[in-house]
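Below you'll find the structure, written out as structure tokens, and then a few comments.
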2 protein chains.
Amino acid sequence: MTKLDPALIADLPPFREIGRPELEELLGSAKALRVPKGEKIFGQGEQAKSFFILLDGTVRVVKITPLGEQVIARFIAAGELLGLSQALGFVEYPANAIAAVDCVVLAWPNSIWDETIAKHPTFATNTYQTIGTRLQDTQDRVVEMATERVEQRVAAALVKLLRTTGRKTEEGTMIDFPISRQDISEMTGTTLHTVSRLLSGWEHDGLIVSKRQKITVSKRDTLAQIAGGPAVRPTLSH
Amino acid sequence: MTKLDPALIADLPPFREIGRPELEELLGSAKALRVPKGEKIFGQGEQAKSFFILLDGTVRVVKITPLGEQVIARFIAAGELLGLSQALGFVEYPANAIAAVDCVVLAWPNSIWDETIAKHPTFATNTYQTIGTRLQDTQDRVVEMATERVEQRVAAALVKLLRTTGRKTEEGTMIDFPISRQDISEMTGTTLHTVSRLLSGWEHDGLIVSKRQKITVSKRDTLAQIAGGPAVRPTLSH
DNA sequence: CGAAGCCTTGATGCGCCTCAACGTACGTGG
DNA sequence: CCACGTACGTTGAGGCGCATCAAGGCTTCG
């Protein structure tokens with residue numbers, strides 16, 4: 001196995017403040033993996049043996065209910081950590097992580113976790129900040145699901161995807177990995193039918209352009225407005 | 001101000017493995033606060049200046065949407081930490097923490113956070129485990145909201161409350177703090193009307209007994225069964 | 001070139017929100 | 001201590017948002 005190049009991770013937030021020699025040491029215990037589209041990186045209920053950083057691609061994190069329904073917990077973009085169960089004291093991975101496209105990840109054994117965070121406090125801080133952001137996001141999603149209607153939630157999901165994985169094109173900003181109506185329905189707690197109807201409507205109104213597994217948003221602001229409640233100012237008087 | 005007694009916290013999980021002298025040092029920088037029912041411990045959007053442990057009582061953690069709707073993020077039981085924003089890199093508290101009954105809390109300034117987790121790794125581990133559990137809970141709630149119907153969610157909420165704050169009585173197990181229909185609706189993403197109808201029905205069926213702001217569950221198992229989907233085994237064949 | 005996966009669109013129905021009205025327990029101040 | 005205001009709880013009637021059921025078209029890939 002050829003040595004991994006520190007340049008792979010030197011610029012990523014979790015590692016940014018770590019010196020070269022230490023990076024090389026870290027990489028010494030890492031394994032690089034190519035994960036083809038559709039394959040699992042880790043599975044719900046499996047013993048958590050490693051944590052990962054996604055070097056390239058996009059990962060879909062999915063929970064499966066006892067009845068077999070799927071709910072997408074989040075998408076992971078390139079440069080983000082995943083499989084942080086050890087940091088939170090889990091024995092098993094709580095969800096499936098599936099490559100949405102061909103991916104490249106680095107995997108570290110969880111056995112080096114304690115030592116790593118002890119030796120690199122900036123890494124620890126950064127990691128816990130990531131977890132904090134994810135907890136926030138998840139809380140926000142609960143609030144959304146409790147208070148907003150499907151149309152708003154779907155619009156919000158698209159806008160959020162644009163922020164994290166958007167790529168500019170001439171027609172607008174597109175979501176940079178294949179995403180189906182079903183995926184969006186699993187992110188927002190609705191059905192693919194309803195998502196299809198919504199997207200059809202928005203395409204008709206010129207807000208988006210969509211092909212099979214591909215969505216380009218041309219009027220992001222309008223979409224954001226739909227997401228934020230239909231321009232109803234809180235009328236506190238009466 | 002009189003010295004705080006280490007016995008107050010010595011038996012609580014986060015502090016269990018810390019020696020007496022260090023506990024006293026920790027308590028040296030702590031402030032004990034009595035918070036009357038209904039008062040805020042900290043507020044959404046406020047600068048996060050402290051973290052807390054709840055010595056006695058129950059705390060309701062509530063998010064408020066831009067439109068003024070409330071969503072209950074969680075209840076905190078005695079012995080749990082709260083206001084852990086610093087650990088996750090937040091500058092502001094992301095929600096309101098309100099005393100559901102008269103409470104007693106210890107407050108530490110966030111300035112001692114870094115040093116504390118550095119000096120007491122068991123405290124750090126324990127804290128991050130708490131956060132892990134809460135992240136899990138929140139994720140589970142998203143899954144519930146996406147896949148289950150109101151009746152199941154309300155039943156699940158009651159069962160969960162029994163686990164964390166249940167107190168045995170002769171009639172069954174009661175939720176040990178005043179909780180309204182509205183509270184439950186804000187935990188489950190429905191309306192107080194629907195909750196009222198459900199509880200009325202369950203009371204009629206002898207599953208629960210309920211007074212004003214007071215719920216006693218006599219048939220916990222049946223309730224758990226309602227929560228877990230109406231006894232529909234996953235039919236994987238077709 | 002066929003099969004499988006993805007997408008669309010219509011018809012139908014129901015779960016739950018909304019609106020409305022009233023009953024009841026609580027606590028506060030005269 | 002009683003009267004009143006306020007918060008909490010109940011129950012009905014009506015309707016809408018979205019799931020569900022159904023059927024068919026289109027793209028991709030082996």
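Protein chains get the first letters and strands the later ones, always in sequence-line order, with residue 1 at the start of each.
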Requested in this report: Find out whether B/Val105 and B/Leu55 are in side-chain contact, i.e. whether some heavy atom of one side chain is under 4.5 Å from a heavy atom of the other.
Outcome: no
Requested in this report: Sugar-phosphate means primed atoms, P, OP1 and OP2; the rest is base. With that split, encode nucleotides 11-21 of chain C 5' to 3' as B, S or - using protein heavy atoms under 4.0 Å.
Outcome: B----SSBBB-
Query raised in the report: Contact class for B/Arg181 (heavy atom, under 4.0 Å): base, sugar-phosphate, or nothing?
Result: sugar-phosphate
Requested in this report: May I ask you to decide whether B/Asp205 forms a salt bridge with B/Lys219, counting only side-chain N to carboxylate O separations under 4.0 Å?
Outcome: no
**Report entry** Distance, rounded to the nearest Å, where A/Glu203 contributes CD and C/dC7 contributes P
**Finding:** 12 Å
Query raised in the report: Which pair of non-hydrogen atoms, one from B/Glu203 and one from B/Val209, has the smallest distance, and what is that distance?
Result: OE2-CA, 3.5 Å
**Report entry** Residue from A/Lys214, A/Arg167, A/Lys168 passing salt bridge (Lys or Arg N to Asp or Glu O under 4.0 Å) with A/Asp176
**Finding:** A/Arg167
Query - Flag for B/Thr133-B/Thr130: side-chain donor and acceptor within less than 3.5 Å - result: no
Requested in this report: Would you indicate, yes or no, if C/dT9 has its OP1 or OP2 atom less than 4.0 angstrom from a side-chain nitrogen or oxygen of A/Ser196?
Outcome: no
Requested in this report: For B/Lys37 and C/dC26, give me the distance from atom NZ to atom P, rounded to whole Å.
Outcome: 11 Å
Query - the helix from C/dC1-D/dG30 to C/dG30-D/dC1: angle between end helix axes, five pairs per end, rounded to 10 degrees - result: 40°
Report task. May I have the distance from A/Arg212 (atom CZ) to D/dC26 (atom P), rounded to whole angstrom? Result -> 13 Å
Report task. Calculate the interatomic distance between B/Lys211 atom NZ and C/dC26 atom P; express it in whole Å. Result -> 11 Å
Query - B/Thr65 side chain to B/Glu69 backbone, donor-acceptor under 3.5 Å - result: yes
Query - Between C/dC7 (C1') and A/Ile184 (CD1): distance, integer Å - result: 12 Å
Query raised in the report: What's the CG-C1' distance between A/Leu192 and C/dT8, to the nearest Å?
Result: 10 Å
**Report entry** Residue among B/Ile215, B/Val217, B/Val154, B/Thr222 satisfying side-chain contact (heavy atoms from CB on, under 4.5 Å) with B/Trp202
**Finding:** B/Val154
Query - Residues B/Glu80, B/Arg134: salt bridge by 4.0 Å N-O rule - result: yes
Report task. Measure the distance from CD1 on B/Ile179 to C1' on D/dG9 and round it to the nearest whole Å. Result -> 14 Å
Query raised in the report: Once the angle between the rings of B/Phe52 and B/Phe42 is folded into 0 to 90°, is it parallel (under 30°), tilted (30 to 60°) or perpendicular (over 60°)?
Result: parallel
**Report entry** Nearest-nucleotide pick for B/Ser180, side chain only, options being C/dC7, D/dC8, C/dG5
**Finding:** D/dC8
Requested in this report: Report the distance from atom CG of A/Leu198 to atom P of C/dT8, rounded to the nearest whole Å.
Outcome: 11 Å
